[in-house]
Each structure stands twice: as C-alpha cells, then as structure tokens.
There are 2 protein chains.
Amino acid sequence: MTAAHFSRPPTAQEAVLTEVRRLLVTGDLAPGTPVRQEALAERLGVSRVPVREALKVLEGEGHIVYTAHRGYLVAELSVDDLVEVYRLRDLLEAEAIRAAFPHLDDTNLTAITNAARAVDDADWRGDLAGIGTANRVFHFALFDLAAMPRLSRTLRQLWDATDVYRAVYFAEARNRARVHDEHMELIAALHDRDVERAIAAQAAHRDNSVAAVREALTRSTPQAAGGFDPAR
Amino acid sequence: MTAAHFSRPPTAQEAVLTEVRRLLVTGDLAPGTPVRQEALAERLGVSRVPVREALKVLEGEGHIVYTAHRGYLVAELSVDDLVEVYRLRDLLEAEAIRAAFPHLDDTNLTAITNAARAVDDADWRGDLAGIGTANRVFHFALFDLAAMPRLSRTLRQLWDATDVYRAVYFAEARNRARVHDEHMELIAALHDRDVERAIAAQAAHRDNSVAAVREALTRSTPQAAGGFDPAR
DNA sequence: GTTTTGAATATTGGATCCAATACTGTTAGC
DNA sequence: GCTAACAGTATTGGATCCAATATTCAAAAC
C-alpha cells in the first residue's frame with residue numbers, strides 16, 4: 001500500500017502553479033496587476049526559474065498576459081469578454097450535459113448529489129472559498145461524465161476566466177440560497193433523466209450568475225485585496 | 001519609417017516557440033515522440049531555459065504532454081480524440097460563422113476570396129506546406145470576423161490538434177481538387193449571404209477531411225519523418 | 001530462466017549569475 | 001513651463017552550473 005495521498009508536488013513549478021492559481025481565484029492577484037517574478041519566488045521560497053515556467057502555463061491558458069521584457073499582467077475581463085465566455089459556456093455546457101446523459105447511472109448521480117451537499121456544507125461553515133471549489137466540483141462531476149477531455153478542459157478555462165469575479169457572487173447570502181435551489185432543480189432533472197430540463201436548469205443557473213459578474217465588472221476598477229501583493 | 005515588418009522575435013523563447021510549432025505541423029516532431037530539451041536548444045543555438053519556457057506554453061495549449069522528471073511527449077491523437085475535436089469544431093465553427101455574418105461586408109468578402117485564391121496558388125506551386133497555412137488563413141479569415149477572440153483561440157487549438165495529420169490529406173491531388181470546390185461553395189454561400197448554407201458547406205468540408213485524418217490515424221503507428229529528430 | 005539489486009548514464013529541475021531591456025526621475029535646453 | 005536627453009534603477013531574459021530523478025543495463029540471487 002502506497003502513501004499516494006500524501007504526495008506533495010514533485011516539482012517546484014507545480015507548487016508555484018497551484019499557489020498562483022489560488023492567488024488568482026482568491027483575488028490576491030487582481031486583474032490588471034503585474035505579476036512580479038521575484039516577489040512570487042521569494043514568497044514561495046524558490047528561485048525565479050520555476051516561477052517563470054509556471055507563469056508560462058498560465059499564459060498558455062490565458063489567465064495572464066505577457067509582453068516581452070515587460071512581464072506578466074493578470075488578464076482583465078472586459079464586458080465583451082464576459083459575454084463571449086457565457087455564450088461559449090452556453091454552447092459547450094449544453095453539449096457536455098447531452099453527452100453526459102448516456103453515462104448517467106445511480107452511482108455517479110449519488111456522487112453528484114454528494115457534491116451538491118458539499119457546497120451546502122461549505123455554506124454552513126461560512127467557508128466562502130470552499131463554496132467556490134465545491135461548486136466547481138459539483139458542476140464538473142456532471143460535465144466530466146461526458147468523457148470528452150477537451151470539452152472539459154475548455155470549460156474549465158472558461159470557468160477560470162470568471163472565477164476572480166465569481167467570489168463576489170457567493171459573498172451574498174441571497175445568492176447562495178438561490179444557488180442551492182438551482183442545484184436542487186438540476187439534480188431533480190437528472191433524477192428524472194430529463195436532458196432538456198437539465199440543460200435548461202444549467203442555463204438558468206448560469207444566467208443568474210452572469211448578471212452578478214457583469215455588475216462586479218462594471219463597478220469601479222477592481223483593486224488588490226488586503227492580502228499579499230506580489231505587484232510590489 | 002520604421003522597419004517593423006522585419007522584426008525578428010524579441011526573445012529566444014518566441015523564436016523557439018515558432019520553430020517548435022513548425023516542427024509539430026510539418027511532422028518533424030511526430031506524435032508520441034519525446035521532445036528533448038538539449039537537442040532542441042542545441043539546434044536552435046540557445047540554452048535550455050528558453051526552450052523549457054516555450055515547451056510550457058505548448059503544454060498549456062495541449063500540443064505536448066508533460067510528466068515531471070520525464071519530460072515532454074508530442075501529444076498523440078486517439079480516434080476518440082479525433083471524434084471529440086470534430087464534434088467541438090462542429091459546434092464552434094457554426095457559432096463562429098453565425099456570429100461572423102453581421103460583420104460580413106464586401107471588403108472582407110474580397111479578403112476571404114483572395115485567401116482562397118492563395119490556397120490555389122500554393123497548389124499550382126506544389127507548395128504543400130503553403131497550402132496548409134493558406135487554407136488556415138482562409139478559414140480563419142471568416143471565423144475571426146465573429147470578433148470572438150476566445151472562440152477563435154479555441155478553434156485554433158482544435159485545428160492545431162489535427163494539423164499533424166492533415167498534411168497527408170493535402171498530399172493527394174484528388175483531395176486538393178475537392179478542397180478547391182468546397183471553398184468555392186463556401187464563398188458562394190457567403191456571396192448570397194446565406195448563413196445556413198455557409199454553415200452546411202463548412203460542415204461538409206470538415207466531414208470530408210475528418211475521414212482522411214481518421215484513416216491516417218488508424219493506419220500503422222506514425223513514425224518520425226526523415227528530417228531532424230530531436231528525440232535523440 | 002526469471003527476478004532483483006545496484007551502479008552508470010541520461011535527462012530533467014532548480015539556483016545563481018550576468019546581460020538586455022524597460023522604467024523613473026532628474027537635469028539641461030529651448 | 002515644456003520637452004528631450006540621460007543616468008540610475010528595477011525587472012525580465014538567458015546561460016551555466018549543480019542537484020534530483022528516471023532510465024538502462026549488467027550482475028547476482030533465487
């Protein structure tokens with residue numbers, strides 16, 4: 001029996017990658033702010049080399065933008081971007097759900113239901129970050145059933161693009177309650193094996209959140225939160 | 001007047017990136033073969049650092065796969081992958097064409113027509129690599145009209161995934177003739193401002209090429225072409 | 001003959017150092 | 001007062017070196 005669960009990242013770049021992703025999601029690295037290699041490296045106790053490689057991955061995924069000799073900036077989302085992201089999610093999530101249905105059985109339906117419960121648990125605990133991750137686990141438990149890796153990957157990228165702004169959505173109790181209800185509706189549709197209803201539920205769920213993100217976006221320029229600021 | 005057009009890459013990593021992309025498209029770096037950092041660095045006259053950063057970008061884009069301490073392999077396409085790629089192209093290209101139509105005017109229709117002519121020119125010249133790039137310019141001249149950058153980017157990634165195999169398609173004169181006819185049909189649909197016909201033309205065009213790629217894929221395991229082999 | 005151990009080799013991962021470029025603030029010129 | 005040249009600083013880009021890990025292959029144990 002191996003102790004595979006305790007596996008710390010085998011490379012420093014992976015550790016950096018994980019940490020920077022966290023900083024991006026939590027908003028410690030706010031959109032528009034420069035990402036300083038030295039500051040990140042020092043904070044994580046590594047040299048700049050693994051930092052640079054991790055940043056390249058994030059560049060390839062579109063989370064940060066790069067200019068030669070000027071470095072990296074956290075990608076900013078324009079309203080046009082947001083509209084595009086949600087249009088693409090509309091198309092691709094519908095496809096994912098459609099493709100997932102033939103693979104839907106009692107086992108993975110239970111898993112999905114448990115994932116929804118985990119969202120609620122994080123809510124009870126008042127763990128905002130936990131809600132975000134649990135919410136994603138819930139939705140991708142369904143999407144990944146489609147067994148279409150590229151589709152899953154693309155969807156994850158689209159989700160990532162708005163994650164920075166989604167935090168504000170979960171901050172309001174009213175939104176959290178609505179999310180709970182919408183998750184229940186989606187699960188009910190899955191129980192009834194009703195594809196179109198599931199797709200509609202997902203679409204409604206998505207449309208409700210886009211409004212919140214759009215508002216967060218148009219509201220005055222985002223500022224770096226109080227925490228660590230690798231910009232300086 | 002500046003000589004901006006002659007701008008060589010401002011960084012070595014970009015030069016490496018360009019070159020590796022070329023190697024991937026031409027098949028010099030065949031699917032499944034390892035990508036050796038040292039060999040690439042030596043060939044391009046740089047150290048391993050910019051090579052590693054370029055490879056990270058390609059990893060982020062899914063062109064090569066990475067395992068810690070074992071390095072990079074050129075991503076292989078399974079038949080399942082291929083089916084997925086074309087299903088996603090089906091969805092996304094239809095969306096791109098739909099979104100492009102409102103922006104379609106005489107100016108960019110002329111540009112698209114010229115791009116189609118460039119494909120034929122490359123054909124007359126017997127320039128197989130030229131056909132591939134001109135073909136892509138033609139199709140993305142239309143897709144990019146949608147003014148949906150993420151959609152364009154995703155489509156490019158999907159095209160990239162099969163580019164390695166598409167070379168064999170253009171190798172046959174019969175296929176090249178068919179491509180010409182299909183391009184003409186697509187342009188005719190654009191001229192008539194007939195969205196559905198354009199989408200159908202694109203779908204037929206795509207379906208014809210997928211069969212060829214599928215065959216190339218199922219045919220015995222791909223081997224590295226005669227050229228440079230960075231695998232050793 | 002098969003499996004296992006271990007040393008030698010190949011390859012990748014990371015740290016440090018130096019070079020190249022961009023940015024900032026100051027001063028000189030008008 | 002405004003602009004332009006310039007020096008100093010900050011930051012990124014790249015090369016070299018060493019460490020860590022994986023692979024290979026031969027020899028020993030069973």
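Sequence lines set the chain letters: A, B, ... in the order given, protein chains first and strands last, and positions in each chain run from 1.
Between C/dT12, D/dG13, C/dA15, one nucleotide has an atom nearer to the side chain of A/R48 than all others, and that is D/dG13. The nucleotide whose nearest atom lies closest to any side-chain atom of B/R70 is, among C/dG14, D/dA15, D/dT23, D/dT23. The side chain of A/S47 has C/dG14 as its nearest neighbour among C/dG14, D/dG13, C/dA22.
When rounded to the nearest whole Å, the span between NZ of A/K56 and P of D/dT12 equals 12 Å. Between B/E14 atom CD and D/dG13 atom P there is a gap of 10 Å when expressed in whole angstrom units. If you take CD of A/E42 and C1' of C/dG14, they are 17 Å apart, rounded to a whole angstrom. Distance, A/Y72 OH to C/dA22 C1': 16 Å, rounded to whole Å.
Contact annotation for B/Q13: backbone-only contact, meaning every heavy-atom pair under 4.0 Å involves sugar-phosphate atoms and none involves a base. A/Y66 comes within contact range of the sugar-phosphate backbone alone, with a heavy-atom separation under 4.0 Å but no base atom that close.
Between atom CD of residue B/E53 and atom CD of residue B/Q13 there is a gap of 4.5 Å, rounded to the nearest 0.5 Å. Put simply, CG on B/D120 and CZ on B/R125 are 11.0 Å apart, with the number rounded to the nearest 0.5 Å.
In this structure, the side chain of B/N135 does not engage the main chain of B/V119 through any donor-acceptor pair within 3.5 Å.
Classification of A/D144 and A/R156 as a salt-bridged pair holds, one side-chain N sitting under 4.0 Å from a carboxylate O. Under a 4.0 Å N-O distance rule, the pair A/D90/A/R87 qualifies as a salt bridge.
Residue whose closest nucleotide on DNA chain C sits further toward the 5' end, between A/E53 and A/H69: A/E53. In terms of position along DNA chain C, the nucleotide closest to B/E38 lies nearer the 5' end than the nucleotide closest to the other residue of the pair A/V46 and B/E38.
OP1 or OP2 of C/dT12 sits under 4.0 Å from a side-chain N or O of B/R36. OP1 or OP2 of D/dG13 has at least one side-chain nitrogen or oxygen of A/Q37 nearer than 4.0 Å.
At a cut-off of 3.5 angstrom, counting only N and O atoms as typed in the model, there is a donor on one side and an acceptor on the other between the side-chain of A/R52 and the base of D/dG14.
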